[in-house]
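Notes to accompany the following structure.
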Amino acid sequence: QVQLVESGGGLVQPGGSLRLSCAASGSGFSINTMGWYRQAPGEQRELVAVLTSGDRISYADSVKDRFTISRSNAKNTVYLEMNSLKPEDTAVYYCNADAFYGGGQFVYWGQGTQVTVSS
């Protein structure tokens with residue numbers, strides 16, 4: 001099995017910054033794609049940013065030029081640097097990983113970390 005553990009959420013004022021981290025743990029797995037999704041109250045979960053094993057990156061239009069996704073393959077960790085945060089960025093942020101494990105390919109989710117942007 002693969003476990004994803006997020007950290008770094010919290011309360012920040014508009015215009016501020018936060019850095020989220022997500023570490024994948026377990027054994028016998030190989031991660032293909034890692035990314036971040038978010039879900040605001042009453043809304044559907046949406047893609048924020050994704051980074052493939054080939055270093056291809058995609059961002060939601062709403063976060064382009066403000067958020068940066070990066071990855072440490074050695075640590076099986078993905079980061080989300082969030083700058084110029086806006087109240088509409090308030091949501092629970094979920095880490096996502098597409099990984100090969102036990103001869104199959106599976107999607108894994110973290111437990112979520114709350115990001116609140118408010119003055």
Side-chain heavy atoms of Phe106 within contact of Val2, under 4.5 Å: no

CG-CG distance between Asn96 and Leu4, expressed to the nearest 0.5 angstrom: 7.5 Å

Heavy-atom closest pair, residues Gln44 and Gln39: C-CG, 4.1 Å

Cluster check Leu47, Ile69: I/L/V/M/F/W/Y, side chain < 4.5 angstrom: no

Nearest non-hydrogen partners of Val48 and Tyr37, listed with the distance: CG2-C, 3.8 Å

Common cluster, Val115/Tyr79, ILVMFWY with side-chain heavy-atom separation under 4.5 Å: no

Pairwise distance CG(Leu85) to CZ(Phe67) - rounded to 0.5 angstrom: 5.0 Å

NZ/NE/NH1/NH2 to OD/OE distance under 4.0 Å, Asp61 and Lys64: yes

Aromatic plane relationship, Tyr94 with Trp109 - under 30° parallel, 30 to 60° tilted, over 60° perpendicular: perpendicular

Sidechain-backbone polar pair: Tyr101 side chain, Gln1 backbone, donor-acceptor under 3.5 Å: yes

Counterpart residues, side-chain hydrogen bond (donor to acceptor under 3.5 Å, both in side chains), relative to Thr68 (two or more places apart): none

Gap between atom OG1 of Thr116 and atom CG of Asp89 - 0.5 Å precision: 11.0 Å

Hphob cluster co-occupancy, Met82 + Val117, side-chain heavy atoms under 4.5 angstrom: yes

Side-chain touch Tyr59/Arg66, heavy atoms, less than 4.5 angstrom: no

Side-chain atoms of residues 13-34: list all donor-acceptor pairs with protein atoms under 3.5 Å, sequence neighbours left out, distances to 0.1 Å.
residue : atom : partner : partner atom : Å
Ser17   : OG   : Asn83   : OD1          : 2.8
Asn32   : OD1  : Ser53   : OG           : 3.1

Sole residue of Thr90, Thr113, Val63, Val92 in side chain to side chain contact (heavy atoms under 4.5 Å, CB included) with Arg38: Val63

Which residues share a side-chain hydrogen bond (donor to acceptor under 3.5 Å, both in side chains) with Glu81, sequence neighbours left out: none

Heavy atoms of other groups near Glu88 CD, more than 12 under 6.0 Å: yes

Joint hydrophobic cluster, Val50 plus Tyr108, side-chain heavy atoms closer than 4.5 Å: no

